*Asks:* 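This structure is in structure tokens; I'll ask about it shortly.
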Amino acid sequence: VSRAVRQELESAGRVLIVCHRDPDGDALGSSLGLMHLLEARGRQCWLFADGALPPEYGFLPGLERVSGRLPAPEKIELAVLLDCHEPRRAGPAAEELLPRLARAAVVDHHRGEPAFGQAVWVDPEFAATSEMLAVLAAQAGWELGPEAAACLFTGLMTDTGSFRYANASPRAFRVAAELVEAGADPWAISQEVYATRPKRLKLLGRVLENLELAAGGRLALGQVALADLAALEAEPGDLEDAVEALRGVPGVETAALLRELDDGGVKVSLRSRGATDVSAVARALGGGGHKSAAGARLEGPLAAARQRVAAMLARALEQAA
Ligand SMILES: [Mn+2]
């Protein structure tokens, strides 16, 4: 645990909590978890997230506190950037505000070289930002109530693929046990997060219809055209099951799912089973992420982007073999 980050969190009374744009379970779980922890200690918090909040996280206690608007800078004593370490990852409004504030702390588990913040704790050995905050709270002796525990458990559960990914370390399980002891309900939470939505199943069907195996079956490629997303009224978050399904095909070591964007670009989500570092491929494409889950944004059209990604992944597979 970073002593500097802990000191910042213990000394500030009015705290702005910011996570990356288009927040996922860990971004929201860590933000809300920290809010509950700090408010139990009498602190005042604001929560900011840019982009849509996925409906499966609607159950998180305090979610209504997450706003797409930032408070006036003079009210903020300390800003905390969670689950990313660059202000630009939090969207244009946060990118503009954060560097102007006197005090900023960062807690994140993504790879990279953090250059922002006075107190920075970035450690890719952790499975989730939520896990980092749970460890910090335990070490600091902060009271962990059931609401904070539920939020942090959600972040840890989703970032470990329900404790199945390679990042599900002994520590992740120990932290999960502490969170369950503190009142997180794994069954209730997983029911909410993994509820089967017809839209998602249909979208998964479209992706699987176009499944292509390359590199001798070690590479799975899928794509979703803008028209498919529109026809099913699907949202980007609805595609998470699809990319996991691609990676789950026996023999597949890396998977790529390409999604056509309405501005002519293409979003690519990359997954690996662990041997191939897809974050390196993502970085080469101008994106980033983790060794086994990463993403980037490319220029269109879809077919050209697909060819480019397929060639890069095939090379990465050759190098890993
Ligand atoms: Mn995370």
Side-chain angles (χ1 to χ4, degrees), residues 19-30 51 54 56-57 82-86 89 107-112 122-132 154-169 171-172 193-194 200 203-204 207 211 215 218-224 235-249 251-259 266-298 305-306 309-310 312-314 316-317 319-320:
C19 62
H20 58 77
R21 70 189 306 177
D22 301 324
D24 58 8
D26 188 31
L28 292 172
S30 61
E56 61 266 42
Y57 301 116
L82 294 179
D83 207 33
C84 64
H85 54 258
E86 294 165 304
R89 293 274 297 118
V107 181
D108 183 29
H109 68 125
H110 292 86
R111 277 165 202 274
V122 175
D123 187 347
E125 293 292 308
F126 280 86
T129 302
S130 297
E131 181 189 17
M132 298 173 79
T154 301
L156 181 54
M157 181 187 83
T158 52
D159 262 18
T160 56
S162 300
F163 305 96
R164 290 171 304 163
Y165 298 161
N167 63 7
S169 66
R171 177 178 56 205
V193 174
Y194 301 118
R200 286 197 172 190
L203 195 57
L204 180 60
V207 172
L211 166 69
R218 296 164 72 202
L219 169 60
L221 292 161
Q223 66 179 53
V224 185
E235 284 157 41
D238 293 330
L239 275 166
E240 264 175 48
D241 302 345
V243 65
E244 293 302 332
L246 294 179
R247 171 165 63 177
V249 175
V252 166
E253 289 165 39
T254 68
L257 179 63
L258 291 96
R259 168 168 64 91
V266 175
K267 169 85 210 274
V268 58
S269 301
L270 303 172
R271 295 287 188 279
S272 97
R273 277 197 212 261
T276 318
D277 180 5
V278 288
S279 73
V281 174
R283 276 198 303 276
L285 292 166
H290 303 284
K291 191 174 177 229
S292 52
R297 188 196 168 91
L298 287 81
R306 179 176 174 132
V309 168
M312 288 177 78
L313 286 174
L317 277 167
Q319 282 160 7

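Model, not experiment: these values are computed from the prediction. In this chain, numbering begins with 1 at the start of the sequence shown.
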*Asks:* Are side-chain heavy atoms of R247 and S292 found at a separation under 4.5 Å?
*Replies:*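 Yes - at least one pair of side-chain heavy atoms lies under 4.5 Å apart.
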*Asks:* Sequence neighbours excluded, which residues qualify as side-chain hydrogen bond (donor to acceptor under 3.5 Å, both in side chains) partners of N167?
*Replies:*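 So N167 forms no side-chain hydrogen bond (donor to acceptor under 3.5 Å, both in side chains) with any residue.
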*Asks:* Who pairs with A242 by side chain to side chain contact (heavy atoms under 4.5 Å, CB included), at least two apart in sequence or on another chain?
*Replies:*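 Partners of A242 by the side chain to side chain contact (heavy atoms under 4.5 Å, CB included) criterion, ordered by chain and then number, come out as L204, V207, L239, L257.
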*Asks:* What pair of heavy atoms forms the shortest contact from L211 to A220, and how long is it?
*Replies:*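 For L211 versus A220, the nearest heavy atoms are CD1-CB, 4.0 Å.
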*Asks:* Can you list everything that forms a side-chain hydrogen bond (donor to acceptor under 3.5 Å, both in side chains) with R200? Sequence neighbours excluded, please.
*Replies:*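 Listed in chain order: E56, D238.
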*Asks:* Can any side-chain N or O of R171 pair as donor or acceptor with the backbone N or O of E125 at less than 3.5 Å?
*Replies:*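 Confirmed, R171 side chain pairs with E125 backbone.
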*Asks:* For a quick test of reading the model, state the closest non-hydrogen atom pair linking A275 to K291 and the distance between them.
*Replies:*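 Looking at all heavy atoms of both residues, the closest pair is O-NZ, 4.4 Å.
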*Asks:* Applying ring-ring contact (aromatic ring centres under 6.0 Å, His included), can you list everything that pairs with H20, at least two apart in sequence or on another chain?
*Replies:*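 Expected list: none.
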*Asks:* Please report the C-alpha distance between R89 and C19 in whole Å, then the side-chain angles of each, then the deciding distance to 0.1 Å, and finally whether the side chain to side chain contact (heavy atoms under 4.5 Å, CB included) criterion is met.
*Replies:* CA-CA 8 Å; R89 293 274 297 118; C19 62; over 6 Å; no
*Asks:* Where is the tightest heavy-atom contact between D22 and G51, given as atom of each residue plus distance?
*Replies:*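 Heavy-atom minimum between the residues: OD1-CA, 3.8 Å.
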*Asks:* Do D108 and F126 come close enough that some side-chain heavy atom pair is under 4.5 Å?
*Replies:*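 Of all side-chain heavy-atom pairs linking F126 with D108, none is under 4.5 Å.
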*Asks:* L219 pairs by side-chain contact (heavy atoms from CB on, under 4.5 Å) with which of T276, V252, T254, V309?
*Replies:*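 Running side-chain contact (heavy atoms from CB on, under 4.5 Å) over T276, V252, T254, V309 with L219 returns exactly one hit, T254.
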*Asks:* Could you pull out all residues at least two apart from R297 that satisfy salt bridge (charged side-chain N to carboxylate O under 4.0 Å, His left out)?
*Replies:*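 By the salt bridge (charged side-chain N to carboxylate O under 4.0 Å, His left out) rule, R297 matches D263.
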*Asks:* For D26, check side chain to side chain contact (heavy atoms under 4.5 Å, CB included) against everything at least two apart and list the hits.
*Replies:*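 Once residues adjacent in sequence are excluded, the partners of D26 under the side chain to side chain contact (heavy atoms under 4.5 Å, CB included) criterion are D24, S30, D83, H109, A128, T129, S130, D159.
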*Asks:* Which residues pass the ring-ring contact (aromatic ring centres under 6.0 Å, His included) test with Y57, sequence neighbours left out?
*Replies:*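 Testing Y57 for ring-ring contact (aromatic ring centres under 6.0 Å, His included), a comparison that skips the adjacent residues, returns none.
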*Asks:* Which atom pair, heavy atoms only, marks the closest approach of S272 to V278?
*Replies:*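 Heavy atoms of S272 and V278 come nearest at CB-CG1, 3.8 Å.
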*Asks:* Flag the pair H290 / H110 as yes when their ring centroid distance falls below 6.0 Å, and as no otherwise.
*Replies:*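 Between H110 and H290, which both carry aromatic rings, the centre distance is below 6.0 Å.
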*Asks:* Taking salt bridge (Lys or Arg N to Asp or Glu O under 4.0 Å) as the cut-off, I'd like each qualifying pair that reaches into residues 266-288, sequence neighbours left out, listed once.
*Replies:*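 Passing the test, one end in residues 266-288: E244-R271.
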*Asks:* Is there a side-chain contact between P54 and L28, using heavy atoms and a 4.5 Å cut-off?
*Replies:*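 They are in side-chain contact.
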*Asks:* Measuring from atom CZ of R111 to atom OG of S279, what distance do you get when rounded to the nearest 0.5 angstrom?
*Replies:*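 With rounding to 0.5 Å, CZ (R111) is 5.5 Å from OG (S279).
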*Asks:* Once ring-ring contact (aromatic ring centres under 6.0 Å, His included) is applied, do any residues pair with Y194, and if so which ones, sequence neighbours excluded?
*Replies:*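 Once residues adjacent in sequence are excluded, Y194 has no partner under the ring-ring contact (aromatic ring centres under 6.0 Å, His included) criterion.
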*Asks:* Report the residues that fulfil side chain to side chain contact (heavy atoms under 4.5 Å, CB included) with A305, sequence neighbours left out, ordered by chain and then residue number.
*Replies:*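 Applying side chain to side chain contact (heavy atoms under 4.5 Å, CB included) to A305 gives L258, V266, L298.
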*Asks:* What pair of heavy atoms forms the shortest contact from L221 to A310, and how long is it?
*Replies:*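 Minimum heavy-atom separation between L221 and A310: CD1-CB, 3.7 Å.
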*Asks:* Considering residues at least two apart in sequence or located in another chain, which fulfil the salt bridge (charged side-chain N to carboxylate O under 4.0 Å, His left out) criterion with R306?
*Replies:*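 Applying salt bridge (charged side-chain N to carboxylate O under 4.0 Å, His left out) to R306 gives E212.
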